[in-house]
Amino acid sequence: MAIDYLPDASAKKEGFGQKGGFAIALALNHSMIEDWVRLIARHVAAWFDTKSTDQRHIRFIVDVPGSERRLEVECSGANFELHDVERSMRALIESAMSGPERRPLRPDIRLVFLAANPWGSSPLSLGREYQHIRSALERSPRWPRLDLRPYWCVRPHEVSERLLEHNPRVVHFCGHGSERGELIFEGRNREPQPATAGAVADLFAQLRGIQCVVLSACHTDIQAKAISPHVDWVVGMRGAVPSELALEFSASFYRALAHGYSVPESVGLACAHTRLAEFDSTLFPVLHRRTGVDPNKPLLG
């Protein structure tokens with residue numbers, strides 16, 4: 001979903017994402033609407049703080065991929081409040097998301113995308129990584145069977161809630177990891193809240209149906225090893241992995257899975273893809289396999 005918000009009337013003539021306004025690409029579900037609405041409002045407020053004008057005009061545009069829908073709303077006036085912006089934005093997003101899905105079959109293979117980027121941690125391209133993964137899946141013949149669910153600003157207790165709710169075949173975590181092998185989730189006030197490798201492994205030991213876990217975060221090889229006795233396939237990252245490498249690897253990995261390749265084949269193709277992009281091969285992800293798992297069986301078959 002692309003959202004363009006233009007904080008002055010003259011920006012209307014500039015087109016999408018041009019000088020005079022802002023553009024932001026979002027992958028939205030209802031669990032993250034409030035967070036993004038507040039973020040957008042803060043951006044708008046900061047923009048106005050740099051301008052000496054008494055007249056305020058904001059135009060919101062939402063494009064919904066796959067539905068050919070384009071929704072717009074405007075807020076104008078000398079003294080409109082940011083809560084007006086939030087109210088308009090929330091209504092617009094909910095309206096965009098209420099449109100019918102054009103999916104010929106009922107999806108039966110679930111993938112859950114969990115993302116966390118707490119306040120105070122270095123910013124990550126979480127939305128871009130999700131969009132690259134979704135785009136790769138959408139272009140595959142298996143897309144009608146796939147159900148990709150993103151969750152943002154994830155807190156530790158939400159992990160088990162989301163996995164029990166959806167019983168996914170694949171779990172993708174996108175965010176930060178520590179050198180001690182911890183995954184960094186968000187605390188009550190969006191502060192960093194680490195989860196140890198042992199704690200996360202214990203959780204996966206209690207869950208059924210999960211066949212693959214991808215940890216798209218730095219220093220997650222320790223975490224991947226801890227999870228591997230409980231899940232067929234686990235992908236972990238060695239060292240501090242650049243965001244662009246993680247993004248390129250993830251998109252290529254899911255593209256191969258969705259075209260019927262096995263997990264080892266998909267990891268191999270994704271590593272070859274990132275090698276072509278001249279990334280450091282010492283940082284490439286590591287694949288862990290549970291004992292007895294057939295390495296040739298397609299994951300999304």
Side-chain angles (χ1 to χ4, degrees), residues 1-5 7 16-17 19 21-29 31-50 60 62 82 85-86 89 93 112-136 148 150-156 158-159 162 171-195 214-220 223 235-254 274 277 279-280 283 285:
M1 181 179 295
I3 296 179
D4 193 16
Y5 50 111
F16 184 82
K19 183 178 179 182
F22 301 98
I24 187 167
L26 304 179
L28 291 167
N29 61 28
S31 69
M32 65 174 291
I33 287 176
E34 294 295 327
D35 285 320
W36 276 115
V37 165
R38 285 192 291 268
L39 177 62
I40 291 169
R42 285 198 298 271
H43 276 294
V44 171
W47 191 90
F48 279 127
D49 286 344
T50 66
F60 298 105
V62 176
L82 284 180
V85 176
E86 293 190 13
M89 196 68 205
I93 292 172
V112 169
F113 180 98
L114 304 174
N117 195 175
W119 295 123
S121 59
S122 58
L124 298 171
S125 302
L126 306 184
R128 287 183 62 210
E129 185 162 340
Y130 171 79
Q131 292 287 19
H132 275 63
I133 292 171
R134 183 181 177 92
S135 178
L148 177 60
Y151 292 97
W152 309 85
C153 308
V154 174
R155 294 163 60 183
E158 293 180 301
V159 178
R162 300 308 182 191
V171 178
H172 184 99
F173 174 79
C174 183
H176 288 286
S178 76
E179 293 184 6
R180 295 185 296 275
E182 301 161 324
L183 295 184
I184 310 301
F185 295 101
E186 299 198 4
R188 183 179 300 274
N189 298 311
R190 297 207 62 184
E191 74 281 2
Q193 184 167 337
V214 179
L215 304 175
S216 183
C218 297
H219 308 292
T220 53
Q223 184 78 254
V235 178
M237 303 289 182
R238 290 181 293 196
V241 179
S243 293
E244 289 299 318
L245 188 156
L247 187 153
E248 292 294 335
F249 173 86
S250 295
S252 182
F253 172 73
Y254 285 102
T274 50
F279 285 105
D280 183 357
L283 300 176

Exercise. Residues two or more places apart in sequence or in another chain: which of them pass ring pair (Phe, Tyr, Trp, His ring centres under 6.0 Å) with Tyr254?
Worked result: His172
Can you name the closest pair of heavy atoms from [X] and [Y] and give their distance?
X: Phe173; Y: Ala116; answer: CE1-CB, 4.5 Å
X: Val241; Y: Cys218; answer: N-SG, 3.2 Å
X: Leu215; Y: Thr220; answer: O-OG1, 3.2 Å
X: Gln193; Y: Arg188; answer: OE1-N, 4.4 Å
X: Ser178; Y: His219; answer: O-CB, 3.1 Å
X: Ile184; Y: Pro118; answer: CG2-CG, 4.0 Å

Under the salt bridge (charged side-chain N to carboxylate O under 4.0 Å, His left out) test, residues paired with [X] that sit two or more places apart:
X: Glu129; result: none
X: Glu191; result: none
X: Arg180; result: Glu182

Rounded at 0.5 Å granularity, tell me how far [atom1] in [X] sits from [atom2] in [Y].
X: Leu148; Y: Arg134; atom1: CG; atom2: CZ; result: 6.5 Å
X: Leu183; Y: Gln223; atom1: CG; atom2: CD; result: 4.0 Å
X: Asp280; Y: Thr274; atom1: CG; atom2: OG1; result: 10.5 Å

Exercise. Ala136: what forms a side chain to side chain contact (heavy atoms under 4.5 Å, CB included) with it, not counting sequence neighbours?
Worked result: Arg255
Compare all side-chain heavy atoms of [X] with those of [Y] and state whether any distance is below 4.5 angstrom.
X: Glu158; Y: Phe185; answer: no
X: Phe249; Y: Met237; answer: yes
X: Cys174; Y: Phe113; answer: yes
X: Ser250; Y: Ser216; answer: yes
X: Ser122; Y: His176; answer: yes

Exercise. Can you list every pair that meets salt bridge (charged side-chain N to carboxylate O under 4.0 Å, His left out) and has a residue in residues 115-125, with sequence neighbours left out?
Worked result: none
Problem set entry | Worked check of side-chain contact (heavy atoms from CB on, under 4.5 Å) between Asn189 and Trp119 | CA-CA 9 Å; Asn189 298 311; Trp119 295 123; over 6 Å; no
Just to verify, what does [X] make a side chain to side chain donor-acceptor pair (under 3.5 Å) with, not counting sequence neighbours?
X: Glu248; answer: His273
X: Glu186; answer: Arg190
X: Ser121; answer: Asn117

